[in-house]
Amino acid sequence: MSQTTQQKFQRIYQVVALIPSGQVASYGQVADLAGLPRHARLVSKALKLAPERLNLPWHRVIASQLKIAFPASSPMYIEQKQALLAEQVEFNGSKIQAKHHWQPDLFTLLQQLDY
DNA sequence: TTCGTGACGCAGT
DNA sequence: AACTGCGCCACGA
């Protein structure tokens, strides 16, 4: 039972939508939670192509080292950092403080996702 | 079908 | 901390 890319994207979007304000998750983590291990790059692609109207908190998705994935000083970097600061996420230089790393309760998460 | 691409991850230097 | 190289792998041209 293979899924279409749209179905995969939908699952990715569902997970991203569950990241709480003030918290962050890595691309790989989102992939895992969406049932797509080793597909961090697919997550990045899904976010890049995400319809604006979904209003996804894309800024809460970062690289595994707790850093913004875009090159510092790039427009996207600035935008993402502003969005995170606006919801009280704290940085130590370019690194986000570990206390903001989302660690969802898996039981609750499973109930929130459609299955 | 082959091949280049990428909003990644990780280990090594 | 910063860089680099290599692994990864679905997608689409």
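The model shown is predicted, which means the values in this text are computed figures rather than measured ones. Chain letters run A, B, ... following the sequence lines, proteins first and then strands; every chain starts at 1.
When each of A/V30, A/V61, A/V24, A/L18 is tested with A/W102 by the rule side chain to side chain contact (heavy atoms under 4.5 Å, CB included), just one qualifies, namely A/L18.
The distance from atom CD1 of A/I19 to atom C1' of B/dA7 is 13 Å, rounded to the nearest whole Å. Remark: P of B/dC10 and CD of A/Q29 are 11 Å apart, rounded to the nearest angstrom. In this structure, A/I12 places its CD1 atom 12 Å from C1' of B/dA7, rounding to the nearest Å.
Of all heavy-atom pairs between A/A25 and A/I19, the closest is CB-CD1, 3.8 Å. Closest approach of A/Y13 to A/L49, counting heavy atoms only: OH-C, 3.9 Å. Closest approach of A/E79 to A/W58, counting heavy atoms only: OE2-CZ2, 3.5 Å.
At most 12 heavy atoms of other shown residues, nucleotides or ligands fall within 6.0 angstrom of atom NZ in A/K67.
Near DNA chain C, meaning a heavy atom under 4.0 Å away, there are no residues from residues 67-91 of chain A.
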Q: Starting from the C-alpha separation in whole Å, work towards a yes-or-no answer on side chain to side chain donor-acceptor pair (under 3.5 Å) for A/Q82 and A/H59.
A: CA-CA 9 Å; A/Q82 291 309 309; A/H59 57 281; over 6 Å; no
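Of the inter-residue distances, the one linking A/L54 atom CG with A/Q14 atom CD reads 11.0 Å to the nearest 0.5 angstrom.
Taking for each of A/Y27 and A/Q65 the nucleotide of DNA chain B with the nearest heavy atom, the 5'-most of the two is the partner of A/Y27.
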Q) Going 5' to 3' along nucleotides 6-12 of chain C, which nucleotides have protein heavy atoms under 4.0 Å from the base (write B), which only from the sugar-phosphate (write S), and which from neither (write -)? A) -BBSSS-
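Contact between the side-chain N/O atoms of A/S64 and the OP1/OP2 oxygens of B/dC10 is found at a separation under 4.0 Å.
Contacts classified as salt bridge (charged side-chain N to carboxylate O under 4.0 Å, His left out) and involving residues 82-101 of chain A (residues at least two apart or in different chains) are given here: A/R60-A/E87, A/E90-A/K99.
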